[in-house]
Protein chains: 2
Amino acid sequence: MTDPLDTVFAALADPTRRAILAMLLEDDMAVTDVAEPFEMSLAAISKHLVILTRAGLIAQEKRGRVKWCKLNPDAMRAASVWMQGFGQFEPVNLDAFERFLETELRDAPE
Amino acid sequence: MTDPLDTVFAALADPTRRAILAMLLEDDMAVTDVAEPFEMSLAAISKHLVILTRAGLIAQEKRGRVKWCKLNPDAMRAASVWMQGFGQFEPVNLDAFERFLETELRDAPE
DNA sequence: TCGATCATCAACCAAATGGTTGAATATGCA
DNA sequence: TGCATATTCAACCATTTGGTTGATGATCGA
C-alpha cells in the first residue's frame, strides 16, 4: 500500500543508516561489528538494521549465533530512476550506460 | 551541522512531496494550484513546500499575492552522487536511453 | 553443563512529523 | 474604502522516530 520509495528514502534519510550502508560496501558484517564504531547501543543499531532490511537495502542471514548483514544496492535502483526523471546529474558515462542497458534488458525483458 | 543529505532524503520520503515535485516538473505553480489536487488543507501543503524549500529542492518567489514554486532539481545532485557510490545505475541519461531504444527498435524491429 | 557471546524484545521516553482548525497578514480589485 | 483572495502563523493533536535500559533466547566453546 505504501510506496516502496517511501521506505527507501526514509531509510536513507538517517546518517547512521547511510554510514552503515557505506561500511557494508566494503564487506559483509556481523551485527556486533556494524555497531562497534557507533556511540549508541547495540539495540539501537539492531533497529536501524531492521529498517534497512525492510527497505530492502540490506539482507540479513543468520549463521549460528551470528547474523550477517549484506548490502543489497539494487533496492536503490527505483529511487535512483525516480530521481533521474528530474535531470541528468552526472556526465554521461558510456560504460555505466552499457551496464544500465544490460541490466535493464535483463531485468525487464518484453 | 546536519548533513544536507538528511534533509534531501527526508524530503523525498513523503509521497505528497514527491508528487508535488513531479507536478513542478511540468511547470512552475502557485501554492494554491499546487494544493488543488490533494485532499488536505492548504496549510498542510504550505508546510510541505517549506520542507522542500529547506531541502533546496524547490525555490519560492513571491510576486504580488501569489507565491510561485519552481523546481530546483540540482539539489538532488548530492543525493544522486551518494547513491552512485553503491552502483553504476546512476550516471545514465534517460533521454539518451530513450533515443537509443527508439533507433534500436526502428533499425531492428522484431 | 556452564558461562560468555550475539542479537532481539519489551517497555519506556523525548523529540520530530504530518495533519487539523481558526486567526492573522498581504495583496488585488471594484 | 472595503471585500475577496493568497498564504502563513499559532496552537493543538496523534503517530512515528530514534534512542535508552534490562530481560530474554539462542548458540558457541571449554
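Here the structure is a predicted model, which means the values were calculated and not measured. Chain identifiers are assigned alphabetically (A, B, ...) following the order of the sequence lines, protein sequences preceding nucleic acid strands; residue numbering begins at 1 within each chain.
Mapped onto DNA chain D by nearest heavy atom, B:A30 and B:K47 fall at different nucleotides, with B:A30 at the one closer to the 5' end.
Of all heavy-atom pairs spanning B:K62 and B:R65, the tightest one is CE-O, 4.2 Å. When all heavy atoms of A:P73 and B:F86 are compared, the pair lying nearest together is CB-O, 3.2 Å. Listed here is the closest heavy atom pair of A:F9 and B:A13: CB-CA, 3.6 Å. Pairing each heavy atom of B:L5 with each of B:A78, the nearest pair is CD2-C, 3.7 Å.
A distance of 10.5 Å separates CE in B:M76 from CE in B:M83, rounded to the nearest 0.5 Å. A distance of 11.5 Å separates SG of B:C69 from CG of B:D27, quoted to the nearest 0.5 Å.
Listed in residue order, the members of residues 61-71 of chain B having a heavy atom less than 4.0 Å from DNA chain C are B:G64, B:R65. Of the residues in residues 7-23 of chain A, not one comes within less than 4.0 Å of DNA chain C through any heavy atom. For DNA chain C, the residues of residues 31-43 of chain A within the heavy-atom distance limit of 4.0 Å (strictly under) are A:V31, A:T32, A:L42, A:A43, sorted by number. Residues from residues 49-58 of chain B lying near DNA chain C, meaning a heavy-atom separation below 4.0 Å, are B:I51 in numerical order.
Between B:L25 and B:L21, the closest side-chain pair of non-hydrogen atoms is not below 4.5 Å.
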Return all side-chain donor-acceptor pairs below 3.5 angstrom for residues 42-56 of chain A, not counting sequence neighbours, or 'none' if the list is empty.
unit_1: A:H48; atom_1: ND1; unit_2: A:R17; atom_2: NH1; d: 3.1
unit_1: A:T53; atom_1: OG1; unit_2: A:L49; atom_2: O; d: 2.7
unit_1: A:T53; atom_1: OG1; unit_2: A:Q60; atom_2: OE1; d: 3.1

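Contact check, B:S46 against D:dT8: a side-chain N or O comes under 4.0 Å of OP1 or OP2.
Taking atom CD1 of residue A:I45 and atom P of nucleotide D:dT21, one finds them 14 Å apart after rounding to whole Å.
Follow the hydrophobic side-chain contacts under 4.5 Å out from A:M23 and you reach A:L12 in the same cluster.
Protein chain B contacts DNA chain C from C:dG18 to C:dG28, reading 5' to 3' and using non-hydrogen atoms of the protein with a distance under 4.0 Å.
When A:L24, A:D28, A:L57 are each tested for a side-chain contact (heavy atoms from CB on, under 4.5 Å) with A:L71, only one passes: A:L24. Between B:M29 and the choices B:V66, B:I58, B:V34, the side-chain contact (heavy atoms from CB on, under 4.5 Å) rule is met once, by B:V34.
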